[in-house]
Each structure stands twice: as C-alpha cells, then as structure tokens.
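Written out below as structure tokens is the structure these notes cover.
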Amino acid sequence: MDNKIENKFSWKIKELKPSATLLINKKVAEMKAAGEEIINLSVGEPDFGTPDFIKDSAIKAINEGFTRYTDSSGIRELREAICKKFFHDNNLVYTPEQVVVSNGAKHSLFNIFLAICDEGDEVIIPRPYWVSYPEMVKITGGKPVLCRFDDKYRFDIEHFKSLVNKNTKAVILNSPSNPSGMVYSEEELKKIGEIVLKNQILCISDEVYEYFIYGGNRHISIASLGEELKNLTIVVNGVSKTFSMTGWRIGYLAAPLPLAKIISDIQSQTTSNPSSVSQKAALAAIFSNPSGIAPIIREFETRRNFIVENLDKSIKFIKPEGAFYLLLKVENLNSLQLSKKLLEEEKIATVPGNDFGIEGFVRISFAVKMETLKEAIARINKLAKKYDEKS
Ligand code: PMP
Ligand code: GLU
C-alpha cells in the first residue's frame, strides 16, 4: 500500500512553487526577528499606511453591524462605484453585473483561470512576468506558454503571434509591469489587440499598477481600444497598491457578462464573498478623489529617479516607466548569486530575476523610504564595484 501523502496530491499541484516574493519576505521577517538588520527590497507593497478616511469607513461598518455575508460578487454600491471608476479613468462602460469583487486581484486572476482553463489549454505569458501567473495557470490545469522579450526588454509581439495556436485560450498583459515597470504603448496594444481579435482568444489585462506611472507615460486599458476587443478582455484591478491596502484583500474584475456571472457563481461556491468590512473600506477608497494619491505617486517617481541617477555605471538596469520595481544586473553574477551576495554581504533582500523569467537580473522594490533607499543604493553600488574590479 502506498502511504506516501505526496503521492495522493493532484497532478495539478505536483510542480507548484511557493510565491518567491512572499517567501523571501517571510525569510526577511525571520532574519529581522533573529536580530539581523536587513533592508527589505523584496516584496512589493506600499510603505504608506492606509489613509484614515478609509480606515474610518471600515470602523463605521463594524460599529453599524455590517458584518454579515454579502452578495457573492460584492455589494452593489461597490460594484457601481467600480463601474464609475472604469468610465472615468479608462473610458470603459460596464454594468455592475459585469463586475466581481474578490479577495485581492490575485483571487480575481485565479477565478479567471479556474473559469477558462481546461487541461491542455495554453495561456501566453510575456516574460518577464509576475511570479504567480504561471503557477496559477498550472493549478487550474492549464499550460503556461512563456513569450520572449525583445532587445529593449519589451513584449516581443512577433513571437506572441507565432505562439498562438488552436490550444491558446488567453494572453495575459500586465501594464505597468511587475517586475520590469514597462508600460505598454497604444501602438503596442493595438498590435496585440489585432492578434487577439484575429484568433478570438481572451485577453486578461492586469492593471493593478495603473496609477503608478512616471515621466509622461500614460496608462491605457486594452479593453478601451474597441467594443469587439472589450468583449474578449477581462480587466483586473484592485485597491492594494493604489490605496496602500494590501492586507484588506480587495481586488476586482470586469468581464463580458457570461464570464462575470460564472465567476460570481464560482465565488458563491468557494469563498462566498470578500470581507464585508473590507468592501466598505474599498468603497470609500474608490469613491475618493484620485488626486488624493497624487503626492504618493510623485514620491515614487522621485525614488525611481534617484535610483536611475545614482546606480553605479557598471550596473545594467531597465528604467521603469511605472509600478515600483526595478530590474538590475551586475556583470559576472547570475540572478541567484547576485541576490545571495546582496543578502549575505550587504544585508539587502531582493528577488532573483529567474523567478520572473529574466535570468541575470534581480528585482528591487522601491516601496521604501528615501533614506533607506539611499543606503540600499550605496550598498548595491559597493557590491557591484567589488565584482566589477574582479572581472
Ligand atoms: N498583479 C500583480 C502584477 C501584482 O504585482 C500583484 C501583487 N500583489 C497582484 C496582481 C495582486 O494584488 P492583490 O491580490 O494584493 O490585489
Ligand atoms: N505583488 C507583490 C510582489 O510582487 C506582492 C507579493 C505577491 O503577492 O507576490 O512583490
């Protein structure tokens, strides 16, 4: 008799890796608890607290007894507010029935893959990608197909075209991108849109860093490029990054009606609904004037500019146009070596690029205070110089 528990696991999770970003963050927390002083540039979460007016609305919800199950797709007021946001910010018209609120954008994405992937279905994922995309596709039985980047580290659209086949179910776009900070231009989105339309595949557009845009770049949702394209697109967004609400776990999607309906049904059979209290907090956030977060975005831009202006010349990096990450590399060291040396020799935690499908680089998050960032860049430069001299 086979009594090995692992042999009872589903084939879908046999090769599952834990989230590299969360794993490193946990390791740093343990090292700090053991008394080590580490600068944590690994996980991507805003270093600002959730604004008071958002916290107040959650406290009010608790005090008023808003503590019961809600509609599985989220309270109607919140879905209406999200529709207004889509119209105002993205020029997209959705009805509240097309919106599903979930426990974070990560959960929205997982619900999508669960709803669309059958065994053998392929989902095209442009490299470098956020660590969770390939794993989520695998858990739901689909097959992640990785697409190349071009010589500017942007989505290689010609390669994408060549990868589409009868098994392709969807392509996932993430603009601004985690981890490269790339923002897709309108021209790129149009070319991608043509391929999506020609092959009638789905397009999943992860826009969680929508407001984190620098240097005159502009966020465009691919769904806004035409009604036909919108009917094949699922837009994913959330409040975690924009309103410094990572722990509240609220994300959402807007999709063609039948897909939104089935995702709402999946949710009704699995998680019931996202936290009622967090939904009220998200409502206050989404109703607020987006200009309220402008100073935070400018602070992130100042940090980005500081990094790109102060990294040692021997360091190669991809200049981010958005989000709050930067990929950098030091000659002669691979991703793992660089990440390990930064941690052991300079006490800086980063995420190795190979977890994002970009060997040679490490990802740093600049969601840390300027003072910390200055110290971190000085230490990274010190290490780079050391290894540059060795070559
Ligand atoms: N998409 C991307 C690209 C992300 O970096 C994250 C980070 N957590 C998410 C989705 C999920 O965010 P959340 O679940 O906190 O809404
Ligand atoms: N998305 C953030 C990151 O990439 C948070 C951690 C996670 O969910 O992966 O660091």
Side-chain angles (χ1 to χ4, degrees), residues 18-30 32 38-59 61-62 74 78 82 85 100-111 129-133 135-136 174 176-179 181 206-213 236-253 271 273-288 290 292-293 295-297 299-300 303-304 320 322-326 349-351 355-356 363-369 372-373:
S19 161
T21 47
L22 297 181
L23 196 67
I24 293 167
N25 199 40
K26 186 169 163 228
K27 190 172 167 205
V28 174
E30 284 163 6
K32 281 188 174 170
I38 309 282
I39 297 183
N40 189 7
L41 305 185
S42 67
V43 79
E45 72 177 330
D47 50 306
F48 297 92
T50 304
D52 284 344
F53 74 93
I54 297 176
K55 292 193 277 193
D56 289 345
S57 74
I59 293 165
I62 295 174
L78 178 55
I82 291 168
K85 176 250 169 268
V100 183
V101 182
S102 300
N103 304 293
K106 208 177 213 169
H107 185 214
S108 306
L109 287 160
F110 186 70
N111 281 337
Y129 47 78
W130 177 44
V131 290
S132 295
Y133 297 147
E135 301 307 308
M136 286 202 241
N174 175 213
S177 152
N178 174 6
D206 179 346
E207 305 181 6
V208 297
Y209 296 100
E210 144 171 46
Y211 298 106
F212 297 84
I213 294 261
V236 176
N237 211 324
V239 294
S240 285
K241 316 289 171 177
T242 312
F243 299 100
S244 307
M245 291 177 72
T246 48
W248 297 79
R249 310 308 304 130
I250 295 289
Y252 54 87
L253 61 81
T271 55
N273 59 265
S275 148
S276 59
V277 174
S278 293
Q279 287 189 64
K280 285 285 189 181
L283 180 63
I286 290 173
F287 256 142
S288 68
I293 56 160
I296 292 182
I297 305 297
E299 171 63 22
F300 275 103
R303 293 174 188 175
R304 178 204 72 152
F324 39 71
Y325 308 100
L326 179 139
T350 58
V351 189
D355 286 310
F356 304 97
R363 186 193 82 173
I364 61 170
S365 153
F366 48 93
V368 290
K369 301 272 170 280
T372 313
L373 196 59

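Start at 1 with the first residue, then count along the sequence. Values in this document were obtained by computation on a predicted structure and should not be read as measured data.
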>> Looking at every heavy atom in both Asn103 and Asn273, which two are closest together, and how far apart are they?
In response: OD1-O, 4.2 Å
> Once you round to the nearest 0.5 Å, how far does OG1 of Thr350 lie from CD1 of Ile364?
Replying inline: 8.5 Å
>> My understanding is that only residues two or more places apart in sequence, or in another chain, count here; which of them pass ring pair (Phe, Tyr, Trp, His ring centres under 6.0 Å) with Phe324?
In response: Tyr209, Phe212, Phe300
> Hey, mind stepping through Asp206 and Tyr133 against side chain to side chain contact (heavy atoms under 4.5 Å, CB included) and telling me if it holds?
Replying inline: CA-CA 11 Å; Asp206 179 346; Tyr133 297 147; 2.6 Å; yes
> According to the salt bridge (charged side-chain N to carboxylate O under 4.0 Å, His left out) rule, which pairs have a member within residues 21-30, sequence neighbours left out?
Replying inline: none
>> By the salt bridge (charged side-chain N to carboxylate O under 4.0 Å, His left out) test, which pairs, at least two apart or in different chains, include something from residues 40-50?
In response: Asp47-Arg303, Asp47-Lys369
>> side chain to side chain contact (heavy atoms under 4.5 Å, CB included) for Asn40 and Val368? Distances and angles first, verdict last.
In response: CA-CA 8 Å; Asn40 189 7; Val368 290; 6.0 Å; no
> Where is the tightest heavy-atom contact between Phe243 and Ser288, given as atom of each residue plus distance?
Replying inline: CE2-OG, 3.8 Å
> From Ile24 CD1 over to Leu41 CG, what is the distance, rounded to the nearest 0.5 angstrom?
Replying inline: 11.5 Å
>> Can you give me the closest heavy-atom contact between Pro320 and Arg304, atom names plus distance?
In response: O-NH1, 2.7 Å
>> Quick check for you: to the nearest 0.5 Å, what is the distance between Asn237 atom CG and Tyr211 atom OH?
In response: 7.0 Å
> Between Ser102 and Ser108, which heavy-atom pair has the shortest distance, and what is it?
Replying inline: CB-OG, 3.6 Å
> Any idea which heavy atoms bring Arg363 and Pro179 closest together, and the distance?
Replying inline: CD-CB, 3.5 Å
> Roughly how far, to the nearest 0.5 Å, is the OG atom of Ser244 from the CD1 atom of Ile293?
Replying inline: 8.5 Å
> At what distance, to the nearest 0.5 angstrom, does OG1 of Thr242 lie from NZ of Lys85?
Replying inline: 8.0 Å
>> Donor-acceptor pair, distance only, cut-off 3.5 Å: does the side chain of Gln279 make one with the backbone of Pro274?
In response: yes
>> Donor-acceptor pair, distance only, cut-off 3.5 Å: does the side chain of Ser278 make one with the backbone of Trp248?
In response: yes
> What are the two closest heavy atoms between Ala282 and Met245, and how far apart are they?
Replying inline: N-CE, 4.1 Å
>> Show, in sequence, the C-alpha distance, side-chain angles and deciding distance for Met136 and Lys106, and conclude whether the side chain to side chain contact (heavy atoms under 4.5 Å, CB included) test is met.
In response: CA-CA 9 Å; Met136 286 202 241; Lys106 208 177 213 169; 3.9 Å; yes
>> For a side chain to side chain contact (heavy atoms under 4.5 Å, CB included) check, start with the C-alpha distance between Val208 and Trp130, then their side-chain angles and the critical distance, and finish with the verdict.
In response: CA-CA 12 Å; Val208 297; Trp130 177 44; over 6 Å; no
>> Just verifying a value: how many Å separate Asp56 CG and Ile54 CD1, rounded to the nearest 0.5 Å?
In response: 10.0 Å
